[in-house]
Amino acid sequence: MYLKFLMDEFKIKTRIRVKKKLKNMEENDIVTRTAFATAQPAVEYNLTAKGRKLEPIFFLPAQKFVF
């Protein structure tokens, strides 16, 4: 029961952190946000031209560990 509580709290904190990062990226014109008014609201983020220029930087950490 306590573990479930911790996992739920972790998920909430992670969502908040991701949401803040995406909002910051949107404010800096790195991504665009498109909201869809469906039965279950959905949001889609896409890279802008400025964001595409930064794309190699996004994958640097992943490439660092590829052998």
Side-chain angles (χ1 to χ4, degrees):
M1 183 99 163
Y2 182 69
L3 181 62
K4 183 180 178 339
F5 170 76
L6 288 177
M7 291 302 293
D8 289 344
E9 189 173 320
F10 175 75
K11 288 178 186 178
I12 291 168
K13 287 181 179 180
T14 302
R15 281 188 186 154
I16 291 169
R17 192 173 301 133
V18 169
K19 189 176 179 178
K20 286 180 181 179
K21 295 285 185 187
L22 286 168
K23 185 170 179 67
N24 184 280
M25 292 172 73
E26 184 180 10
E27 290 170 355
N28 288 297
D29 196 35
I30 296 171
V31 296
T32 57
R33 180 181 185 269
T34 307
F36 299 96
T38 56
Q40 177 129 15
V43 177
E44 180 179 285
Y45 290 90
N46 292 299
L47 288 173
T48 61
K50 183 178 176 180
R52 278 190 226 96
K53 289 180 186 176
L54 298 171
E55 200 170 10
I57 297 169
F58 294 143
F59 295 107
L60 267 178
Q63 291 173 354
K64 186 177 181 179
F65 298 104
V66 175
F67 297 98

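These numbers come from a predicted model, not from an experiment.
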### Task
Please round to the nearest 0.5 Å and tell me the distance separating atom NZ of Lys53 and atom CD1 of Ile30.
12.0 Å
#### Entry: Pairs meeting criterion side chain to side chain donor-acceptor pair (under 3.5 Å) with involvement of residues 15-26, two or more places apart
Asn24-Asn28
### Query
Who pairs with Arg33 by side chain to side chain donor-acceptor pair (under 3.5 Å), at least two apart in sequence or on another chain?
Tyr45
### Query
Looking at residues at least two apart in the chain, or sitting in another chain, which of them share a salt bridge (Lys or Arg N to Asp or Glu O under 4.0 Å) with Lys13?
Glu9
### Query
Which heavy atom in Thr38 sits nearest to a heavy atom in Gln40, and how many Å separate them?
OG1-O, 2.5 Å
### Query
Taking all non-hydrogen atoms of both residues, which atom of Leu22 and which atom of Val31 are closest, and how far apart?
O-CG2, 4.0 Å
## Note on the structure
Note: Thr48 and Thr32 closest approach over all heavy atoms is CG2-CG2, 3.4 Å
### Message
To the closest 0.5 Å, what do you measure between NZ (Lys50) and CE (Met25)?
### Response
10.5 Å
